[in-house]
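Here is the structure we will look at, set down as structure tokens.
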There are 2 protein chains.
Amino acid sequence: MNENQAFPWDHPRFRSWIGVARACQLMQQAMTRAIADLDIKTPHLDILINLYRFDGISQQELARKLLVGRSNMSMLLPQLEKRGLIERRPDGKDKRILRLSLTKSGRDLTMQAMAIQTGLIERTLSQTPEDRCLQVAEAMEDIIHILQTMEPAEEA
Amino acid sequence: MNENQAFPWDHPRFRSWIGVARACQLMQQAMTRAIADLDIKTPHLDILINLYRFDGISQQELARKLLVGRSNMSMLLPQLEKRGLIERRPDGKDKRILRLSLTKSGRDLTMQAMAIQTGLIERTLSQTPEDRCLQVAEAMEDIIHILQTMEPAEEA
DNA sequence: ACTTTATTGTTCAGCATTGAACATTTTTAT
DNA sequence: ATAAAAATGTTCAATGCTGAACAATAAAGT
């Protein structure tokens, strides 16, 4: 509190980050509504898109990409499997690993969902010129890098 | 899919937004670890900060600021009240409303938490120059505005 | 005045997420 | 070869968040 700013919200970086967090929260809520017709929520969408992109990925790798715990995948994937959207097949060499892939209907659903998702992002960022988007992306890259390297130790 | 890009992840705005979402997720996790010593989590922190800033706010107003449902506040606030961090007093004129305020120990805890939070944000955004932060903030303002005006109707 | 509508907060069932403990299998150390 | 350590997926209790239904109060319409 003996910083150059009296309160956090007077701090420029703090204010910037609050904006990022709010935008994320609102986007997530809008996305949830946008894909509700397909009877999936954003966690499922994230899974489906990553399976679309990385066919044969393991649950562990998927969890890492999504920045969630393994147990989360153990809860969600069986649901998608029961709905016939994905398949889980044991790896040939390593008997611990389950390899994931989309079924035909899973791929179909994923493409519909991606179209909706892309459309929403497109509409939402339409006011933001492409070079500004690129600047934002660069800033986020830096932030992501710092956060990932500081993960285990949180204090100086 | 008959857009200019074949896949969403080849789309510049899409990629930008993925970066924003990842950064947010990582920041939230880092923040959760950073304030774990104070025995609160990010939802509590958000509440405390808003009570610090807007003393006497109602539960409804608080929920609106945090972009969450009223029921969420009805679950979390009694916890903080039991811990002696906040007080809920009925409004004098409108008997429906509960007005919220921090107790002394609530204010103390909030100041500690804010110091940690500001420090983490400071460290994380240290690589990002202030003018770049400002550009990000502007972009987020636009995005927030669009998302808030599109809230009720999600389709064209 | 009286009825209808809206607002505020609560409760509840449902689901996502986590972290810890566990079993199985693989890898590494000795 | 054998033991120790690590990796993968599962289960479970705890918690956050939501939306719907509800009670109490206030505001608006008649």
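Order of the sequence lines sets the chain letters (A, B, ...), proteins ahead of strands, with each chain counted from 1.
A distance of 5.0 Å separates CD1 of A:Ile40 from CG of A:Leu109, quoted to the nearest 0.5 Å.
Atom pair B:Arg64:CZ and D:dT18:P shows a separation of 15 Å (rounding to whole Å applied). A straight line from CD of A:Gln59 to P of C:dT24 spans 17 Å, rounded to a whole angstrom.
A side chain to side chain contact (heavy atoms under 4.5 Å, CB included) with A:Leu26 holds for exactly one of B:Gln148, B:Met140, B:His145; it is B:Gln148.
Non-hydrogen atoms lying under 4.0 Å from DNA chain C are contributed by B:Arg88, B:Arg96, B:Ile97, B:Leu98, all within residues 82-99 of chain B.
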Sequence neighbours left out, cut at 3.5 Å: what donor-acceptor pairs do the side chains of residues 65-74 of chain B make with other protein atoms?
none

Quiz prompt | Letter per nucleotide, 5' to 3', of nucleotides 11-18 of chain C [B base touched, S only sugar-phosphate touched, - untouched; heavy atoms, 4.0 Å] | solution = B----SBB
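Under a hydrophobic-cluster definition in which Ile, Leu, Val, Met, Phe, Trp and Tyr are linked whenever side-chain heavy atoms come within less than 4.5 Å, directly or via other members, B:Phe54 and B:Leu85 are assigned to the same cluster.
Looking at heavy atoms from C-beta onward, A:Leu51 lies in side-chain contact with A:Leu62 at the 4.5 angstrom threshold.
With sequence neighbours left out, the side chain to side chain donor-acceptor pair (under 3.5 Å) criterion links A:Lys93 to no other residue. Scored by the side chain to side chain contact (heavy atoms under 4.5 Å, CB included) test, B:Cys133 finds A:Arg13, A:Ser16, B:Leu125, B:Thr128 as partners (sequence neighbours excluded).
The shortest distance between the side-chain N/O atoms of A:Gln60 and the OP1/OP2 oxygens of D:dT8 is below 4.0 Å.
Sorted by first then second residue, the side chain to side chain donor-acceptor pair (under 3.5 Å) pairs that include residues 82-91 of chain A, not counting sequence neighbours, are A:Gln59-A:Arg88, A:Glu81-A:Arg88, A:Glu87-A:Arg89, A:Asp91-A:Arg99.
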